[in-house]
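Written below as C-alpha coordinates is the structure these notes are about.
Note that the numbering runs from 1 along the sequence shown for the chain.
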Amino acid sequence: QVQLVESGGGSVQAGGSLRLTCAASRYTYNNYCVGWFRQAPGKEREGVASIARDGSTKYADSVKGRFTISQDVKNTLYLQMSGLKSEDTAMYYCAADRRESGGYCYTDFLLSYDDKYWGQGTQVTVSS
(Lines give C-alpha, C1' and ligand atoms only; values in the text may rest on other atoms or scores of the structure.)
Protein backbone atom coordinates (compact mmCIF):
# COMPACT_ATOMS: atom_id res chain seq x y z
CA GLN A 1 0.00 0.00 0.00
CA VAL A 2 1.35 3.41 -1.02
CA GLN A 3 0.84 6.29 1.38
CA LEU A 4 1.13 9.90 0.26
CA VAL A 5 1.01 13.01 2.44
CA GLU A 6 0.98 16.49 0.90
CA SER A 7 1.90 19.80 2.49
CA GLY A 8 2.85 23.30 1.45
CA GLY A 9 -0.37 24.74 0.14
CA GLY A 10 -1.61 28.17 1.06
CA SER A 11 -2.75 31.52 -0.21
CA VAL A 12 -0.64 33.70 -2.45
CA GLN A 13 -1.10 36.68 -4.73
CA ALA A 14 -0.96 36.32 -8.46
CA GLY A 15 2.59 36.17 -9.70
CA GLY A 16 3.79 34.58 -6.48
CA SER A 17 5.32 31.19 -5.78
CA LEU A 18 4.62 28.14 -3.65
CA ARG A 19 6.30 24.78 -3.22
CA LEU A 20 4.22 21.70 -2.55
CA THR A 21 5.71 18.64 -0.89
CA CYS A 22 4.56 15.02 -0.93
CA ALA A 23 6.06 12.49 1.45
CA ALA A 24 5.68 8.96 0.15
CA SER A 25 6.09 5.55 1.69
CA ARG A 26 9.36 3.73 1.06
CA TYR A 27 10.37 2.67 -2.44
CA THR A 28 7.38 4.40 -4.02
CA TYR A 29 9.45 6.21 -6.61
CA ASN A 30 11.36 3.06 -7.48
CA ASN A 31 8.19 1.21 -8.34
CA TYR A 32 5.57 3.70 -9.50
CA CYS A 33 5.11 6.74 -11.67
CA VAL A 34 4.22 9.73 -9.47
CA GLY A 35 2.88 13.17 -10.05
CA TRP A 36 0.51 15.97 -9.18
CA PHE A 37 -3.13 16.51 -10.03
CA ARG A 38 -5.46 19.36 -9.15
CA GLN A 39 -9.18 19.91 -8.88
CA ALA A 40 -10.87 23.29 -8.91
CA PRO A 41 -14.44 23.73 -7.63
CA GLY A 42 -16.94 22.44 -10.15
CA LYS A 43 -14.26 20.98 -12.40
CA GLU A 44 -12.82 17.55 -12.99
CA ARG A 45 -9.51 16.52 -11.52
CA GLU A 46 -6.73 17.18 -14.02
CA GLY A 47 -3.14 16.06 -14.35
CA VAL A 48 -0.52 18.73 -13.73
CA ALA A 49 2.89 17.07 -13.83
CA SER A 50 4.51 13.65 -13.61
CA ILE A 51 8.00 12.34 -13.03
CA ALA A 52 9.48 8.94 -13.70
CA ARG A 53 12.24 7.13 -11.88
CA ASP A 54 14.78 8.22 -14.48
CA GLY A 55 13.84 11.86 -13.88
CA SER A 56 11.91 12.37 -17.10
CA THR A 57 9.02 14.78 -16.63
CA LYS A 58 5.77 15.71 -18.30
CA TYR A 59 3.59 18.78 -17.79
CA ALA A 60 0.15 19.97 -18.64
CA ASP A 61 0.29 22.75 -21.23
CA SER A 62 -1.28 25.18 -18.78
CA VAL A 63 1.67 24.98 -16.38
CA LYS A 64 4.65 24.49 -18.69
CA GLY A 65 7.40 26.96 -17.95
CA ARG A 66 5.88 27.89 -14.59
CA PHE A 67 5.80 24.65 -12.58
CA THR A 68 8.65 22.24 -11.92
CA ILE A 69 8.26 18.73 -10.56
CA SER A 70 11.15 17.00 -8.80
CA GLN A 71 11.89 14.23 -6.34
CA ASP A 72 14.69 13.34 -3.95
CA VAL A 73 16.21 10.15 -2.63
CA LYS A 74 14.18 10.39 0.55
CA ASN A 75 10.93 9.59 -1.27
CA THR A 76 9.80 13.21 -1.25
CA LEU A 77 8.08 14.70 -4.27
CA TYR A 78 7.97 18.43 -4.93
CA LEU A 79 6.03 20.80 -7.11
CA GLN A 80 7.61 24.23 -7.40
CA MET A 81 5.00 26.67 -8.67
CA SER A 82 5.96 30.12 -9.92
CA GLY A 83 4.10 32.81 -11.78
CA LEU A 84 0.90 31.67 -10.16
CA LYS A 85 -2.41 32.71 -11.70
CA SER A 86 -5.91 32.82 -10.29
CA GLU A 87 -6.80 29.85 -12.50
CA ASP A 88 -4.23 27.77 -10.60
CA THR A 89 -6.51 27.91 -7.56
CA ALA A 90 -7.42 24.31 -6.72
CA MET A 91 -6.94 21.41 -4.37
CA TYR A 92 -3.65 19.78 -5.33
CA TYR A 93 -3.17 16.04 -4.96
CA CYS A 94 -0.10 13.89 -5.02
CA ALA A 95 -0.69 10.65 -6.92
CA ALA A 96 1.04 7.38 -7.68
CA ASP A 97 0.06 5.00 -10.43
CA ARG A 98 -1.39 1.74 -9.10
CA ARG A 99 0.21 -0.04 -12.04
CA GLU A 100 3.64 -1.06 -10.84
CA SER A 101 6.08 -0.13 -13.56
CA GLY A 102 9.52 0.08 -12.00
CA GLY A 103 9.06 3.84 -11.96
CA TYR A 104 8.22 4.20 -15.65
CA CYS A 105 5.37 6.58 -16.49
CA TYR A 106 2.72 5.28 -18.85
CA THR A 107 1.67 7.85 -21.42
CA ASP A 108 -1.84 8.05 -20.00
CA PHE A 109 -0.82 8.73 -16.40
CA LEU A 110 -1.84 12.42 -16.45
CA LEU A 111 -4.92 11.82 -18.59
CA SER A 112 -6.95 9.81 -16.10
CA TYR A 113 -7.67 9.83 -12.41
CA ASP A 114 -8.37 6.09 -12.40
CA ASP A 115 -6.01 3.52 -10.93
CA LYS A 116 -4.19 5.94 -8.65
CA TYR A 117 -3.11 6.13 -5.05
CA TRP A 118 -4.01 9.58 -3.68
CA GLY A 119 -2.90 11.86 -0.91
CA GLN A 120 -5.42 13.88 1.07
CA GLY A 121 -4.77 17.06 -0.92
CA THR A 122 -3.50 20.53 -0.11
CA GLN A 123 -5.31 23.74 -1.03
CA VAL A 124 -3.71 26.41 -3.19
CA THR A 125 -5.50 29.74 -3.49
CA VAL A 126 -4.23 32.48 -5.80
CA SER A 127 -5.76 35.92 -5.50
CA SER A 128 -5.58 38.46 -8.27
Side-chain angles (χ1 to χ4, degrees):
Q1 182 73 17
V2 173
Q3 294 182 326
L4 305 166
V5 180
E6 303 98 331
S7 60
S11 297
V12 65
Q13 290 190 332
S17 299
L18 280 174
R19 188 176 78 160
L20 305 183
T21 299
C22 174
S25 47
R26 290 180 70 185
Y27 308 121
T28 296
Y29 305 141
N30 288 336
N31 297 322
Y32 306 94
C33 176
V34 292
W36 292 92
F37 284 68
R38 66 185 181 186
Q39 187 166 18
K43 294 189 177 181
E44 290 192 351
R45 195 168 295 189
E46 63 174 354
V48 174
S50 65
I51 187 166
R53 180 182 178 183
D54 65 0
S56 56
T57 58
K58 191 172 183 180
Y59 296 92
D61 288 343
S62 59
V63 306
K64 280 181 182 177
R66 299 188 298 122
F67 290 11
T68 302
I69 188 171
S70 62
Q71 63 190 43
D72 67 19
V73 295
K74 297 182 179 179
N75 280 303
T76 303
L77 182 69
Y78 303 97
L79 185 68
Q80 178 67 48
M81 306 184 292
S82 302
L84 283 162
K85 306 175 181 179
S86 57
E87 51 263 44
D88 295 319
T89 295
M91 185 72 79
Y92 283 72
Y93 297 90
C94 180
D97 199 330
R98 284 185 178 269
R99 300 169 292 184
E100 287 195 51
S101 62
Y104 167 79
C105 284
Y106 292 103
T107 55
D108 64 348
F109 176 75
L110 289 179
L111 300 179
S112 170
Y113 47 76
D114 295 331
D115 296 322
K116 304 286 194 296
Y117 295 105
W118 297 102
Q120 82 287 355
T122 185
Q123 178 68 38
V124 171
T125 302
V126 183
S127 57
S128 56

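- Between E100 atom CD and C33 atom SG the span is 13.0 Å, to the nearest 0.5 Å.
- Residues G47 and A60 share a closest heavy-atom pair of O-CB, 3.4 Å.
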Step by step, would you call Y78 with Q71 a side-chain contact (heavy atoms from CB on, under 4.5 Å)? CA-CA 6 Å; Y78 303 97; Q71 63 190 43; 5.8 Å; no
Quick one: do Q39 and Y113 satisfy side-chain contact (heavy atoms from CB on, under 4.5 Å)? Show the steps, please. CA-CA 11 Å; Q39 187 166 18; Y113 47 76; over 6 Å; no
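- Taking CG of L4 as the start and CD of Q120 as the end, the distance is 9.0 Å to the nearest 0.5 Å.
- Using a 4.5 Å heavy-atom cutoff, the side chains of E6 and L20 are not in contact.
- When all heavy atoms of G121 and M91 are compared, the closest pair comes out as C-SD, 3.7 Å.
- Q3 CD: 12 or fewer foreign heavy atoms inside a 6.0 Å radius.
- Residue pairs meeting the salt bridge (Lys or Arg N to Asp or Glu O under 4.0 Å) criterion with at least one partner in residues 29-52, sequence neighbours excluded, are R38-E46, R38-D88.
- Nearest heavy atom pair, residue T89 against residue A40, reads O-CB, 3.7 Å.
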Trace of the side-chain contact (heavy atoms from CB on, under 4.5 Å) decision for Y106 with S101: CA-CA 8 Å; Y106 292 103; S101 62; 3.8 Å; yes
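- Applying the salt bridge (Lys or Arg N to Asp or Glu O under 4.0 Å) definition to pairs two or more places apart or across chains, those involving residues 104-118 are R99-D108.
- The distance from atom OG of S82 to atom CG of L18, rounded to the nearest 0.5 Å, is 9.0 Å.
- Here the shortest heavy-atom pairing between G119 and Y93 reads O-CD2, 3.6 Å.
- Listed here is the closest heavy atom pair of I51 and S70: CD1-CA, 3.9 Å.
- Taking both residues in full, the closest heavy atoms of A49 and L79 are given as CB-CD1, 4.3 Å, listed atom of the first, atom of the second, then distance.
- Side-chain contact between L110 and V48 is absent, with no heavy atoms from C-beta onward closer than 4.5 Å.
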Starting from the C-alpha separation in whole Å, work towards a yes-or-no answer on side-chain contact (heavy atoms from CB on, under 4.5 Å) for R53 and Y29. CA-CA 6 Å; R53 180 182 178 183; Y29 305 141; over 6 Å; no
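- A distance of 12.5 Å separates CG in L84 from OG in S128, rounded to the nearest 0.5 Å.
- Among residues at least two apart or in separate chains, ring pair (Phe, Tyr, Trp, His ring centres under 6.0 Å) pairs with a member in residues 37-70 are F37-F109, F37-W118.
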